[in-house]
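To find a chain, count down the sequence lines: A is the first, B the second, and so on, and within it residues start at 1. Heavy atoms only: backbone and side chains are in, while hydrogens, waters and symmetry mates are out.
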Amino acid sequence: MTQKTSENMQGFPASSEPAGVLREERFRWLAAEILPHEAAVRQWLYRHRLVNATPDDIIQECYARLCAWSPDQVVNGRALFFHCARNLMVEHARKARVEYLDRDLDPGEIDIADTSPPPDRILAAREELNRLKGKMLGLPTLCRDVFVMRKIYNLSHEQIALRLGISRRSVRREVARGLDLLDIKNDGQDTI
Amino acid sequence: MNETFSSMSDHRATQANAWVSILDAVSVSDADRRRFDAWLQEDVRNLGAYLRAQAIFRSLDYMPGAIAAAAGRSAPAEIGTGRRQVLAGAAALAACFSGLVATRSTSERIILRKTAREAPGRFFLPGGLITMDSLSMAYFPSQGHMSDIQMVSGRMGVQTSSRPVRIMTGGLVLHAADADFDLSADGRNISIVAYRGTVAVSRHGASRTVAGPCVFSMVSDPAIEGVGGRARELAKRDMAVNRAWRDARIVLDDAPLRDAVAQFARYSETRMLVASPTMSAQRLTGTFDLLRPHYFAKTVQMLLRCQLTEPDARTIILS
């Protein structure tokens with residue numbers, strides 16, 4: 001099951017851009033253009049019988065592949081995400097010598113093309129992300145305090161540790177715990 | 001089998017979250033970096049899980065990254081959270097130097113206020129009134145004071161009494177007392193419409209004042225030091241036009257139809273479409289309720305003698 005990465009040291013595609021800038025830009029792009037559509041892709045994956053993979057596997061592989069794209073080359077992140085998931089489904093199945101019938105993965109059924117006009121799509125994506133921000137404020141007290149200081153007030157781990165009277169290790173632990181709790185797939189509605 | 005797969009991907013997601021938290025610290029040890037690289041190389045899905053965790057983590061930022069980095073230099077001094085306030089000796093001294101001493105000792109809750117396509121919302125706080133426009137978002141301290149409000153996006157109207165208000169947005173810090181102004185934030189574009197009083201705008205130690213009545217606009221570019229921007233006087237007759245949104249009204253003074261339609265789109269799920277550019281450019285004068293697009297469309301129909309069709313409950317076509 002192990003699949004080796006073929007990219008450079010930190011697993012990011014080679015580029016002439018400075019690594020820090022590249023990563024930051026990619027993270028922001030993934031957060032703004034890809035993440036809001038994850039729930040839709042995940043729901044689509046749940047509707048199909050996957051071979052040798054779970055929806056989580058496919059989603060994780062999608063992020064790895066999408067990272068290779070240059071954000072300015074992608075017009076529609078949602079369509080790209082769906083196509084990537086579809087291709088990965090087919091690839092996993094082929095490895096197990098299973099072929100999907102074309103009509104099973106009919107792009108028309110996929111609803112790749114979001115027909116809503118761009119401003120509506122942008123608003124919907126923003127709403128999805130806002131919901132996640134709302135969830136952040138509902139985390140357990142210590143965890144929420146750490147996230148509010150880090151994400152809203154942009155304090156460093158050291159500053160947060162000082163403010164809360166806890167160790168930096170605890171700050172780290174709370175960040176990781178918060179991310180576990182915020183994980184969008186843990187939502188009952190399966191949406192962000 | 002699927003359960004095994006599922007628990008493996010869950011484990012991978014948990015590991016990815018742990019790495020995000022480790023790499024989020026300012027200093028990361030060489031050993032951690034090597035372990036991280038090795039983990040990434042193990043499986044391409046580790047990279048995917050990590051990118052996904054980073055995307056979730058970044059999506060929680062209240063402002064764009066570059067601006068956040070700039071704003072970090074002037075982190076707010078008063079956000080206090082009183083869990084085991086242990087500020088002693090060298091730690092306290094270091095905190096003093098970095099301007100980080102907590103001045104409030106009570107644990108503070110932060111509330112995320114956001115509005116959809118709806119009427120502006122009013123929030124009465126001790127010392128003033130905040131009006132949040134449709135499609136806007138801000139973080140408020142729950143203890144009901146007017147400081148440390150983090151404006152994320154959209155528009156808010158601020159009416160303060162003698163108690164000072166402090167609002168942060170896009171790397172800027174605004175201070176005002178006994179003032180009345182609108183603050184809009186759209187990405188890096190910040191604008192202030194000051195109706196009354198004075199608003200002090202500061203960034204990176206530089207500051208300027210915006211004295212009403214005037215309109216001040218700037219691009220909050222982290223590469224540019226200080227507070228730039230342009231200010232222009234706000235004519236008395238334009239004040240009512242600018243402030244009308246707070247009452248969900250639009251005042252049109254020989255304004256093109258397209259501008260009005262764009263405003264209505266902000267407050268209602270009903271979509272108004274204008275068939276031709278010529279008609280879009282037609283000018284109108286009057287005061288309308290932004291929450292009643294059908295009424296507006298019928299008025300336009302009468303004024304411009306055009307056709308009005310409603311193919312469904314949420315679409316109006318003017319042709």
ask   = Which of the residues B:Ser153, B:Ala265, B:Ala16, B:Ala49 is involved in the greatest number of heavy-atom pairs with chain A at under 4.5 angstrom?
value =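 Answer, by heavy-atom pair count under 4.5 Å with chain A: B:Ala49.
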
ask   = What residue, out of B:Ile22, B:Val26, B:Asn46, B:Asp24, has the most heavy-atom pairs lying under 4.5 Å from chain A?
value = B:Asp24

Identify which part of [X] has an atom lying under 4.5 Å from any heavy atom of chain B, answering side chain, backbone, both or neither.
{"X": "A:Glu174", "value": "neither"}
{"X": "A:Arg173", "value": "neither"}
{"X": "A:Leu66", "value": "neither"}

query = Using 4.0 Å as the upper bound for N to carboxylate O, is an ion pair formed by B:Arg12 and A:Asp56?
reply =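 Salt bridge flag = no for B:Arg12 with A:Asp56.
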
B:Asp61/A:Arg28 salt bridge by N-O under 4.0 Å criterion =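 Looking at B:Asp61 together with A:Arg28, the answer is yes, because their closest N to O distance falls below 4.0 Å.
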
query = Given a strict heavy-atom distance threshold of 4.5 Å, which part of B:Ala53 is in contact with chain A: side chain, backbone, both, or neither?
reply = backbone

query = B:Tyr139 versus chain A, heavy atoms under 4.5 Å apart: side chain, backbone, both or neither?
reply =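 Just its side chain gets close to chain A.
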
query = From B:Leu51 CG over to A:Tyr63 OH, what is the distance, rounded to the nearest 0.5 angstrom?
reply =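 Atom-to-atom, B:Leu51:CG and A:Tyr63:OH are 9.0 Å apart.
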
ask   = Are side-chain heavy atoms of B:Arg35 and B:Trp39 found at a separation under 4.5 Å?
value = no

query = With a 4.5 Å heavy-atom cut-off, do A:Leu88 and A:Arg65 have their side chains touching?
reply =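 SC-SC contact between A:Leu88 and A:Arg65 confirmed.
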
ask   = Of all heavy-atom pairs between A:Ala31 and A:Pro36, which one has the smallest distance, and what is that distance?
value =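 For A:Ala31 and A:Pro36, the tightest heavy-atom pair comes out as O-CD, 3.4 Å.
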
